[in-house]
Amino acid sequence: MKKKRIMKTPKHDMAVAARFKEFRVKNISKNSIEAGLQIGIPQSRISRIESGEQPVTMPIIKVLTKKFGLNSDWLLHNLGKPTDAAKKASSLEKSMQLQEKVDSLITQVKILDVNQTKLWNIVEQQAKLIEDLRNKLK
């Protein structure tokens, strides 16, 4: 049976792991399960990142930057502050963005409903024409 090799995590990566945890606790959730749901990754992956077993990947960093205002330079190189105020959207801004998306979806549904009604009218007209033609052929 082959033994699994456990690699030691470099000191720099442990510092990144510690900053990741600090950011998660202060800006996302103290609960790693809840944080995982918000980030879109399993809680087990958060644990592996925070213990240094796994690195923080670029897709995760992008989510943290976009959704929670993470300053990636701080996370990776300890430069600046944990959050980039210019990128961090306030709750009000997030609510407004969500409302715009909902309004857009409602408009699209209304348009689809109108088009569906028009389509059914055309189908009914065609069915009537077909029935009329069948009756003439008899």
Side-chain angles (χ1 to χ4, degrees):
M1 187 165 134
K2 206 174 193 181
K3 288 186 178 181
K4 188 175 181 180
R5 296 178 82 192
I6 299 175
M7 298 177 61
K8 289 187 177 181
T9 303
K11 207 175 231 184
H12 170 75
D13 291 343
M14 287 305 296
V16 171
R19 286 191 294 275
F20 176 88
K21 183 174 184 176
E22 177 186 337
F23 185 83
R24 181 211 19 116
V25 169
K26 288 182 180 177
N27 298 283
I28 303 171
S29 176
K30 291 179 182 175
N31 181 314
S32 60
I33 295 171
E34 174 63 29
L37 291 171
Q38 290 189 44
I39 298 169
I41 59 175
Q43 182 274 335
S44 59
R45 187 154 182 204
I46 289 178
S47 295
R48 288 193 302 275
I49 291 170
E50 291 177 355
S51 68
E53 291 176 41
Q54 235 181 5
V56 183
T57 61
M58 284 311 295
I60 293 172
I61 292 172
K62 285 180 182 178
V63 169
L64 296 175
T65 300
K66 187 175 181 180
K67 193 170 180 181
F68 302 100
L70 169 73
N71 175 359
S72 59
D73 287 332
W74 171 81
L75 178 68
L76 300 172
H77 310 292
N78 201 21
L79 299 173
K81 295 180 181 181
T83 57
D84 184 346
K87 290 183 180 177
K88 189 172 186 177
S90 71
S91 296
L92 178 61
E93 289 170 332
K94 288 179 184 177
S95 294
M96 290 171 58
Q97 290 169 351
L98 284 174
Q99 186 60 50
E100 287 175 14
K101 288 180 182 179
V102 168
D103 291 343
S104 174
L105 288 171
I106 288 170
T107 301
Q108 290 175 12
V109 167
K110 287 178 181 178
I111 291 168
L112 287 171
D113 187 45
V114 167
N115 287 336
Q116 182 183 20
T117 302
K118 288 179 181 178
L119 180 62
W120 277 114
N121 289 336
I122 292 170
V123 168
E124 287 173 354
Q125 288 171 359
Q126 294 299 317
K128 187 175 186 225
L129 285 173
I130 290 170
E131 187 61 35
D132 290 343
L133 288 172
R134 281 188 181 150
N135 289 335
K136 286 181 182 178
L137 289 174
K138 286 183 183 179

- request: With the side chain counted from C-beta on, respond yes when L37 and E34 share a heavy-atom pair under 4.5 Å apart, and no when they do not.
  value: yes
task: May I ask you to test the T65-K62 pair for a side-chain heavy-atom distance under 4.5 Å?
output: no
query: What pair of heavy atoms forms the shortest contact from A35 to S29, and how long is it?
result: N-CB, 3.9 Å
- request: Step by step, work out the side chain to side chain contact (heavy atoms under 4.5 Å, CB included) result for N27 and L64.
  value: CA-CA 10 Å; N27 298 283; L64 296 175; over 6 Å; no
task: Look up atom CG in L79 and atom CG in N71, then write down how far apart they are to the nearest 0.5 Å.
output: 8.0 Å
message: Assess the residue pair Q99 and D103 against the criterion (side chain to side chain contact (heavy atoms under 4.5 Å, CB included)); give the C-alpha distance rounded to whole Å, side-chain angles, the decisive distance to 0.1 Å, and a yes or no.
response: CA-CA 6 Å; Q99 186 60 50; D103 291 343; 2.8 Å; yes
query: Quick one: do I111 and L119 end up in the same hydrophobic cluster if we chain Ile, Leu, Val, Met, Phe, Trp and Tyr together by side-chain heavy atoms under 4.5 Å apart?
result: no
Distance (rounded to the nearest 0.5 Å) between I33 CD1 and S44 OG: 10.0 Å
field: Residue pair V56 / L76, side-chain heavy-atom distance below 4.5 Å
entry: no
- prompt: Pick from M14, R24, E22: which one makes a side chain to side chain contact (heavy atoms under 4.5 Å, CB included) with E50?
  reply: R24
statement: OG1 (T117) and CG (L112) are apart, to the nearest 0.5 Å, by 10.5 Å
- prompt: Hey, are the side chains of R45 and I60 touching, using non-hydrogen atoms and a 4.5 Å cut-off?
  reply: yes
Donor-acceptor contact present, side-chain R19 to main-chain L75, <3.5 Å: yes
query: Looking at side-chain heavy atoms only, is the closest gap between Q125 and L129 below 4.5 Å?
result: no
query: Does the side chain of W74 come within less than 4.5 Å of T83's, by heavy atoms?
result: no
task: Quick one: pull up CG in D113 and CD in Q108 and give me the separation to the nearest 0.5 Å.
output: 13.5 Å
query: Mind checking whether V63 and I41 have side chains closer than 4.5 Å, heavy atoms only?
result: no
message: For Q43 and S47, which I'm curious about, is there any donor-acceptor pair between the side chains at under 3.5 Å?
response: yes
message: Pair I61, M58 - check side chain to side chain contact (heavy atoms under 4.5 Å, CB included), show working.
response: CA-CA 5 Å; I61 292 172; M58 284 311 295; 4.0 Å; yes
